[in-house]
Amino acid sequence: MQEYEKSESLYIVLISIHGLIRGHDLELGRDADTGGQTKYVVELAKALAKQPNVEQVDLVTRRIVDVEVGGDYAESVEALAENAQIVRIDAGPEGYIRKEELWDHLDSFADNLLSWLHGQPRWPNVLHSHYADAGYVGVRLSHLTGLPLIHTGHSLGRDKCRRLLARGLTMEEIEQRYHISRRINAEEETLSNADLIITSTGNEIEDQYELYDCYTPEKMAVIPPGTDLDQFHPPAASNASSAFAASLKNFLSQPDMPMILALSRPDERKNIVTLLEAYGESPRLQAKANLVIVAGNRDDIREMDDGAQGVLTELLLVTDCYDLYGRVALPKHHKADDVADIYRLAAASKGVFINPALTEPFGLTLLEAAASGLPLVATENGGPVDIIGNCQNGVLVDPLDKSAIAEALLSILDNDEYWRTLSANGLANVVRHYSWEAHAQAYLQKVPPLLQHFERLPKTPLVATTGRLRSQAIFTALDNTLLGDDEGLAQFVSLIRKKRKKCLFGIATGRRLDSVLAIFKKHRIPVPDILITSLGTEVYFTPQLIADIAWSYHIDHLWTPQVLRRVLGTLPGLTPQPKREQSRFKISYYYDSELAPPMEEILTLLRQKELSVNPTLSFGQFLDIVPARASKGQALRYVARQWDIPLERILATGGSGGDSDMVAGNTLGVVVANRHREELSNLSDMEQVYFAEHSNAWGILEAIEHYDFFHL
Ligand SMILES: O=c1ccn([C@@H]2O[C@H](COP(=O)(O)OP(=O)(O)O[C@H]3O[C@H](CO)[C@@H](O)[C@H](O)[C@H]3O)[C@@H](O)[C@H]2O)c(=O)[nH]1
Ligand SMILES: O=P(O)(O)OC[C@H]1O[C@](O)(CO)[C@@H](O)[C@@H]1O
């Protein structure tokens, strides 16, 4: 049992995959993926690195090589501080990809990050994932290493989805634009497996995370982020006019009027169009103040991604519809260090900051506005409830109620004394409640309890040096893949015999060992070097054929078979398989699709019961439940590490749901033609998965040709 020594200094790995992340001049607002979270993780890394018992902080993100973005994002390592760095990991194509299009590349990201971690002088003490995509990766790394996982959602798909539906979008539009179901599944899986969830407000726990099947407030902690009070502060008496102020004059016929300021990424969820309509429908508001909307940076709206393009086009149309020329400013560009001046400009004009988002999980802009002396109007959905509650510096509104928005703005603009009170409250309270140093200290209080009693898998390969002569491996599922066509099987067996000196041969099956050995004897198949049986819960190396104890020890995590049997026993359409198919770490049922609930419902039930396990449906009729750390793919990665064979030199072939995570990722994945009709279809867009035209063993032989496997 690896006890964490209190004296041991901490090595923390933060994972934040999408967007443009670098240590200087963050391009906040450049696109929908570069905003608050990118700022949050850079500030968090720096704040943690300053703490005395922190040895190292690595902020891991995706490496981007793309002429459209700066060369910084292609640097594999970028120093953030003496003991903090940004590490950029390859995943999928090199170019800059929207976060919604990253899902098919995250298995590869996880494999590449795991390889990188194995190459470091020491293991991290803890992983901390940020947003659904990093959660997907963090869960896999936590399972494979045994390291504790902290997660911060930043923004949650279920909350975003319900607000977009309330605004009139259809589920099809939301799915098409945001792939929201993959995101929500990743969030559910992350909440089910994370050891600690750090949120920015209590509201997130009560109103946003509460929407999830796996809702466990007891493992959640509210630790509000900070803001940079050196950067954001009230205007000096003589507010030197900035280039940005000059640029506003192009838009505003009376530039010295008070400014209503909105500043956010040009994302639908930010609901800026409703704000503009509220302004357009209020002559009193137009007589009282200008409206300045800073929504990222743009050159040509027609070249932006759909979401941003839609928002900005709508803003131009609504400006025209209400004839707001001279009253509304939609500046095209601003620099990172203009932002603080923009807030100060609005404060100097005795203006108001507004965040009209359909939902705002937290709202860093509200802290920045408060620190600049700006009173707030903000959505009543999300973090602003806590922020304005703590700072007493503004008014909450229903973001869909345009007259309420106008009234809230006027209530501050029309009353100078109220304006001054809100401004002073904000300045005093933002310092008290929101600081990164306080955040880092509270964070580090929460870490030690996570570090007890976890066993990391052995780092160095255990295999005898003889095993290293073989630098490749072929792993195949058994039923309907290796088996099923005798002629194909015979061809494959003779090829394996010829290549045995160079290539390890492995099986990954849901069957138990005794059942596998009987089949090999019957078909006269040479006993493989490695047997992954009972759906990845047992690993055997020949010739000893004894179960790998380290693996059994590793997967015996949060495994409560009795509870599972009781919960699943209540469901219709599930019949326990015969005893010979059951094992210590595998509970198996026959699944009758006519009677049994769909897999999504079974997943939901298990998560609601806080059962962090791995349920798999194979061939549409076999339901197997194993521990979360067990699966064919996880066992294969463990074995690859033991035998020191890179995943890129492992051919992994399958045909049903249980094969999914060994075929995905950095292995040379193969799906045989006689695969189960819809299982594995989610792999069809993955670049390293080959869908064979031939069935059974012929499909494996075809894939060996396709990858030119023995000449890699
Ligand atoms: O044109 C722009 C637009 C935004 N920003 C900056 O980008 C950040 C935006 O952060 P935030 O207002 O928090 O919104 P999101 O980008 O949506 O951030 C997500 O992640 C944040 C950190 O967890 C949460 O506060 C948000 O609720 C969540 O939506 C702020 O620092 C802004 O100053 C710019 O500099 N220029
Ligand atoms: O609006 P969504 O899709 O929930 O995403 C919020 C986005 O804002 C960010 O803060 C931008 O960095 C990230 O959390 C995420 O890319």
Side-chain angles (χ1 to χ4, degrees), residues 26 28-29 35-36 39-40 43 200-201 224-236 239 242 244-245 248 258-265 270-272 275 279 289-296 329 331 334 336-357 360-397 399 405 408-413 415 418-436:
L26 276 171
L28 301 176
K39 171 180 251 181
Y40 180 111
E43 302 285 343
S200 300
T201 62
T227 195
D228 179 346
L229 298 172
D230 295 332
Q231 186 187 5
F232 299 102
H233 54 75
N239 189 41
S242 63
F244 183 83
L248 292 184
M259 189 194 294
I260 299 166
L261 174 64
L263 186 145
S264 71
R265 293 172 297 111
K270 298 296 183 177
N271 194 36
I272 320 169
L275 166 63
Y279 182 79
N290 292 320
L291 175 59
V292 175
I293 296 176
V294 177
H334 65 284
D337 52 21
D338 282 337
V339 174
D341 289 333
I342 295 170
Y343 287 114
R344 282 193 280 275
L345 206 58
S349 77
K350 292 284 188 295
V352 183
F353 181 78
I354 180 164
N355 174 334
E360 189 58 77
F362 179 66
L364 291 176
T365 51
L366 297 172
L367 302 188
E368 295 161 359
S372 306
L374 262 178
L376 310 177
V377 171
T379 174
E380 62 193 10
N381 302 327
V385 173
D386 292 54
I387 295 171
I388 290 181
N390 286 335
C391 292
Q392 293 298 303
N393 66 334
V395 178
L396 294 170
V397 289
I405 289 172
L409 289 165
L410 285 165
S411 72
I412 299 172
L413 290 164
N415 182 331
Y418 187 41
W419 190 96
R420 280 199 298 275
T421 303
L422 298 180
S423 171
N425 289 351
L427 283 170
N429 292 317
V430 73
V431 179
R432 278 179 53 212
H433 293 278
Y434 301 102
S435 104
W436 277 115

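What's counted below: heavy atoms across the whole structure, side chains too, no hydrogens, waters or symmetry copies. Nothing here was measured: the structure is a model prediction, and the numbers come from that model.
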Hey, can you pull the donor-acceptor pairs under 3.5 Å for the side chains in residues 360-369, sequence neighbours left out?
residue : atom : partner : partner atom : Å
Glu360  : OE1  : Lys270  : NZ           : 2.7
Glu360  : OE1  : Asn355  : ND2          : 3.0
Glu360  : OE2  : Lys270  : NZ           : 3.2
Glu368  : OE1  : Tyr343  : OH           : 2.6
Glu368  : OE2  : Lys39   : NZ           : 2.8

Checklist line | Listed partners of Asp338 passing salt bridge (charged side-chain N to carboxylate O under 4.0 Å, His left out), at least two apart | finding: Lys335

Next item on the list: Report the residues that fulfil side-chain contact (heavy atoms from CB on, under 4.5 Å) with Leu248, sequence neighbours left out, ordered by chain and then residue number.
Entry: Phe244, Leu252, Met259, Val292, Ala329, Pro331, Leu345

Note to self: My understanding is that only residues two or more places apart in sequence, or in another chain, count here; which of them pass side-chain contact (heavy atoms from CB on, under 4.5 Å) with Ala295?
What the structure shows: Pro266, Ile272, Ile293, Leu312

Nearest heavy-atom pair of [X] and [Y]: which atoms, and what distance?
X	Y	result
Val339	Phe232	CG1-CE2, 4.1 Å
Leu229	Ala371	CD2-CB, 3.8 Å
Val397	Ala408	CG1-CB, 3.4 Å
Tyr40	Pro225	CE1-CB, 3.6 Å
Pro399	Asn271	O-ND2, 2.9 Å
Gly35	Arg265	CA-CD, 3.9 Å

Interatomic distance, [X] atom [atom1] to [Y] atom [atom2] [nearest 0.5 angstrom]:
X	Y	atom1	atom2	result
Leu28	His334	CG	NE2	7.5 Å
Ser435	Asp228	OG	CG	11.0 Å
Leu275	Ile354	CG	CD1	4.5 Å
Arg420	Lys350	CZ	NZ	7.5 Å

Item checked: Any residue meeting ring-ring contact (aromatic ring centres under 6.0 Å, His included) with Trp419, in chain and number order, not counting sequence neighbours -> none

According to side chain to side chain donor-acceptor pair (under 3.5 Å), who are the partners of [X], at least two apart in sequence or on a separate chain?
X	result
Tyr434	Asn390
Asn425	none
Asn393	none
Thr201	Glu204

Indicate every side-chain donor-acceptor pair of residues 373-383 with a distance under 3.5 Å to a residue at least two apart or in another chain.
residue : atom : partner : partner atom : Å
Thr379  : OG1  : Ala357  : O            : 2.8
Thr379  : OG1  : Asn381  : N            : 3.1
Asn381  : ND2  : Leu358  : O            : 2.8

Item checked: Qualifying residue for side chain to side chain contact (heavy atoms under 4.5 Å, CB included) with Ile412, from Thr421, Val395, Ile260 -> Val395

